[in-house]
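Working notes, structure below.
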Amino acid sequence: MNPVRIGTLLRQEIISGAWSFFFIFALVVPIVLTLVVNLLFGTLLSGKPKLGIADAGRSQIAALAGELDSLRLRAYPDADALLRAVEAGAVDLGLILPEGFDASLAAGEATEVTAYLWGQSLLQNRALLGTTLVQLLRQVAGQTSPLEVVTTVLGDGTVVPWRDRLLPFIVLITILIGGVMVPASSLVTEKQKGTLRALTITPTTLGEVLIAKGLTGALLATATGVMILALNQAFGSRPLLLLVVLALGSIMAATFGILLGALVKDVNTLLATIKGIGLFLYAPAIFYLFPTLPQWIGRLFPTYYLVAPVVEISEGGGWAEVAPELLILLGLLAALLVVTAMVVRRISHYGADLNMMPAAA
């Protein structure tokens, strides 16, 4: 293996591949998904918690809350409408203010208020809304309030926001599209055009070509993964360890991409193959989406050991927490490298390039 030739091939792969559909697809799709998820479930544009009020007596609480920039207020005509809004997650906290509420509060009478809390609201939103309500109540009452708030949690009581649940899925998409699709499609395209044969006629070896294509996919997947975690503010407290895990996962994905590219003969077959094994590849993300499912099932899929350490580190974990999964990931990577090397060696017996390799069954 000649490092200089590999470097030259890598530079050419990046320059020419940057204009290919799969390269652009691998770069754009994860970013778009991240932006959409943050807009729908996160706080990319606004971190303001949502307060819903059903006011039967024109309380000053609603008027004062509407003037605050720290939250978003939504008014509802009655308790039933407010209840439906909280159950749907339209507001983080719903407050029912009875008629004569301000008068009772000002008179120092014991007053009961019903509050509905969305089970998947962020803890920071709950804390901000609670603090804000206490301040508003004191402002209206002019004193420390004897108010008793009865809170009912609606929906899933396990507070795992959808933005956090979707992060493993986006990480998997990022690594698998960049790591698998880019080198696999590049290899298949070169076989179809016959340019791979021209390369291997020169002093450049088949192994050097495959390494350059694999490195292109691994670098793209790692760089995009870093960008996605930065957009999600999910670097945790050990960014270097996180970068190592991302790189290992990307190398494993790129090795699998080279294997696929070697075994299929055209792009249509490649897309059909990836579509066929898509559920197998993305299965671990399903168990993150639905925490009530038996989580041990996710460990049966190899991509679990790619995404689990990333999620653990992004949530504050360290080497001790991810060591078992990381060791399994290294074992899977070693096994995949051996299988890929065996397949490439077998291909070499059929000719100077991959064009003479029989189609995969």
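Side chains included, hydrogens not; waters and symmetry mates left out as well; all remaining heavy atoms used.
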T174-T224 side chain donor-acceptor pair, cut-off 3.5 Å = no
Taking all heavy atoms of K213 and all of S186, pick out the closest pair and write down the distance.
-> NZ-OG, 2.8 Å
For the side chain of R74 and the backbone of A85, is there at least one donor-acceptor N/O pair under 3.5 Å apart?
-> no
What are the two closest non-hydrogen atoms of K265 and Q192, and how far apart are they?
-> O-CG, 3.5 Å
Short question: side chain of D55, backbone of A75 - any donor-acceptor pair under 3.5 Å?
-> no
Return the minimal non-hydrogen interatomic distance between L271 and F22, and the atom names on each side.
-> CD2-CE2, 3.9 Å
For residues Y282 and I173, determine if any side-chain heavy atom of one lies less than 4.5 Å from a side-chain heavy atom of the other.
-> yes
Sub-3.5 Å donor-acceptor pair from the side chain of T340 to the main-chain atoms of L259, do we have one?
-> no
Side chain to side chain contact (heavy atoms under 4.5 Å, CB included) with F25: of V29, L27, V28, only one passes, and it is V29
Is a side-chain donor or acceptor of Q295 paired with a backbone partner of F287 at a separation under 3.5 angstrom?
-> yes
What closest approach, in Å, do Y116 and I96 show between heavy atoms, and which atom pair accounts for it?
-> CE1-CD1, 3.5 Å
The single option from V322, I251, L248 that satisfies side chain to side chain contact (heavy atoms under 4.5 Å, CB included) with L329 is L248
Heavy-atom side-chain proximity of L243 to T222 below 4.5 angstrom = yes
Flag the pair L326 / V244 as yes when at least one side-chain heavy-atom distance between them is below 4.5 Å, and no otherwise.
-> no
When the aromatic ring centroids of Y288 and F169 are compared, is their separation below 6.0 Å?
-> no
Work out which heavy atom in V311 is nearest to a heavy atom in P168; give both atom names and the distance.
-> CG2-CG, 3.6 Å
If you look at every heavy atom in V307 and P284, which pair is closest and at what distance?
-> CG1-CB, 4.4 Å
Pairwise side-chain contact, L93 with P49, heavy-atom cut-off 4.5 Å (strictly under) = no
